[in-house]
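Here the structure comes first, spelled out in structure tokens, and everything after it is commentary.
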Amino acid sequence: MIEIKNIVKSFEGREVLKDVSTVFEKGKTNLIIGQSGSGKTVLLKCIVGLFDIDGGEILFDGRNNASMNFQERGLLRQEIGMVFQNGALFDSLTVEENVRFPMDMFTEMTMKEKLDRLNFCLERVNIKDSNHLYPSELSGGMRKRVAIARAIALNPRYLFCDEPNSGLDPVTSILIDNLIKEITAEFDITTIINTHDMNSVMEIGDNILFISEGEKGWEGNSSQIFSTRNKKLNAFVFASPFSKQLKEIKQMEDDE
Amino acid sequence: MGVLHHIGQYFLLLVKIFKKPEKKSIYLRQLVLEIEKLGINSIGIVAVISVFMGGIITLQLTYNMSNPLMPTYIIGLGNRDTLILEFSSTVLSLMLAGKVGSNIASELGSMRITEQIDSMEIMGVNSASYLILPKIVAFVFMSPFLFIISVGCGLIGGLITGPLSGVVIVATYITGIKTTFVPFYVYFSIIKTLVFGFLISSVPAYLGYYVQGGALEVGRISTKAVVNTSILILFFDLVLTQLLFK
């Protein structure tokens, strides 16, 4: 479980996050949604420690990130797996070396143990016969899956995904969403996904945090999102004609 | 203020770079790769440039010797000292700042903008140390070798060009090379190449590591890395010459 309390973050005097608090539960897919520029990526980067926060607290199962020393923070980071928007695979390393990288750096496993683990991770994300390919030889979806395999290589307690569906076709997006959801349940980890893809929201949104102009705009789950009266959230959720039609259908069903 | 900020940030980065490595075996592997990439892969260009420069210096010395009483072995001596004191240490470092410096800046810059560095940081890896330390150690280690290769090739260049163009015979040229050899010149230049090697690897690394923006910015920072490193090389050449020859 990750708890954030009254997070404040500014860049050059401009407040990007304003007093954001919430709890991201273990074993569930927690989504942060919001428009581009709303502050959701900044919030994610604050939680993982890429940005220092100006105020508030971030608690990883009760452990305060801010009060940790350099070594403790390093150990905490080994419990974190992150999937970046473009995968952020290391260009100079093959798929196999990318997934093995955290094991090489932080474990004393033998080569056989590492190979077993990496093959398990790659199989788990349905990547086969691609061990010796370089990231530039992979499709967007494959890159994301390899990034997920690398993120789970060290059995993380916390998984972060920054817009895992961006640049993917709808079918691959659903595959990636389901994969993340399955992994979250299977390994019982705390997963936080940053997205503005409404398909993901409906498909895997156990807990949803809506960020609007740096503030917590709404909190709930995917079944509550259609019935909310929050104007900003409605403007975000029902921005497309397709979702507007969906809302009208649902309202008609409710009226009946 | 901007310059002070950069100097401060550069030294803070150096502190981060020289922290104890997480796993020595991984760093050693990286070191070997960087020695090959930055050092061994530069030998070809160093040799070619040095052979030509040795030949050019030989010809220039001949055509600019206005005193007919001056012995021709001076050509070999002049070529040797020019190569040792300035060309193979300073001028070659300026060229390597272009080749190696832009390579380092663009590599790290690309890794930064594609979030590969962030990805390492989140894993708990000291990215500055993992990515930059092997480059600095590898290039500082290889710099004196490149200097020696350059001097050797430059002398060979003179040895080929001089007799071929008829300005000096082989025996006289070799006599010149052996005349009044001052070992301190070599020590002095090796000290310079070590300092320049550190600058060529660390300054572009700093600029690339902290780049912000996109591909355009990476290109801009590569150019900036070459310009800044070149200026620093010339500045330290001046300082070291003043300090060590005093």
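Note that these values count all heavy atoms, side chains included, but never hydrogens, waters or copies made by symmetry. Chain identifiers are assigned alphabetically (A, B, ...) following the order of the sequence lines, protein sequences preceding nucleic acid strands; residue numbering begins at 1 within each chain. Everything quoted here is computed from the prediction, not taken from an experiment.
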Between B:S119, B:P21, B:S25, the one whose heavy-atom pairs under 4.5 Å with chain A are most numerous
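The candidate making the most pairs under 4.5 Å is B:S119.
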Comparing A:E79, A:M105, A:R150 against chain B, the one with the most heavy-atom pairs below 4.5 Å turns out to be A:M105
Residue from A:V83, A:N86, A:V48, A:I80 scoring the most non-hydrogen pairs under 4.5 Å with chain B is A:N86
Can you check whether [X] reaches [Y] side chain to side chain, under 4.5 Å on heavy atoms?
| X | Y | answer |
| --- | --- | --- |
| A:F106 | B:V125 | yes |
| B:E121 | A:R77 | yes |
| B:D118 | A:K45 | yes |

Counting N and O atoms only, with roles assigned by atom type, does the side chain of B:K23 sit under 3.5 Å from a partner on the main chain of A:D104, one being a donor and the other an acceptor?
yes
Got a sec: does the CD of B:E86 have more than 12 other heavy atoms crowding it under 6.0 Å?
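Yes - once you tally the heavy atoms of other residues, nucleotides and ligands closer than 6.0 Å, there are more than 12.
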Taking atom CZ of B:F141 as the centre, report whether more than 12 heavy atoms of other residues, nucleotides or ligands fall under 6.0 Å from it.
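Atom CZ in B:F141 is not packed in, count stays at 12 or less.
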Indicate the atoms forming the closest heavy-atom contact of A:A88 with B:Q116, along with that distance.
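Closest pair (atom of A:A88, atom of B:Q116, distance): O-CG, 3.9 Å.
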Go through the atoms of A:F160 and report whether side chain, backbone, both or neither lie under 4.5 Å from a heavy atom of chain B.
neither
With a 4.5 angstrom heavy-atom cut-off, is it the side chain or the backbone of A:L75 that approaches chain B, or both, or neither?
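Contact with chain B: none, neither part.
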B:T114 side, atom OG1; A:L89 side, atom CG - distance, nearest 0.5 Å
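Those atoms lie 9.5 Å apart.
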Side chain to side chain contact (heavy atoms under 4.5 Å, CB included) between A:F84 and B:I122, worked out:
CA-CA 11 Å; A:F84 281 88; B:I122 286 170; 3.5 Å; yes
Engaged part of B:I26 at the chain A interface, taking heavy atoms whose separation is under 4.5 Å
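The side chain, not the backbone.
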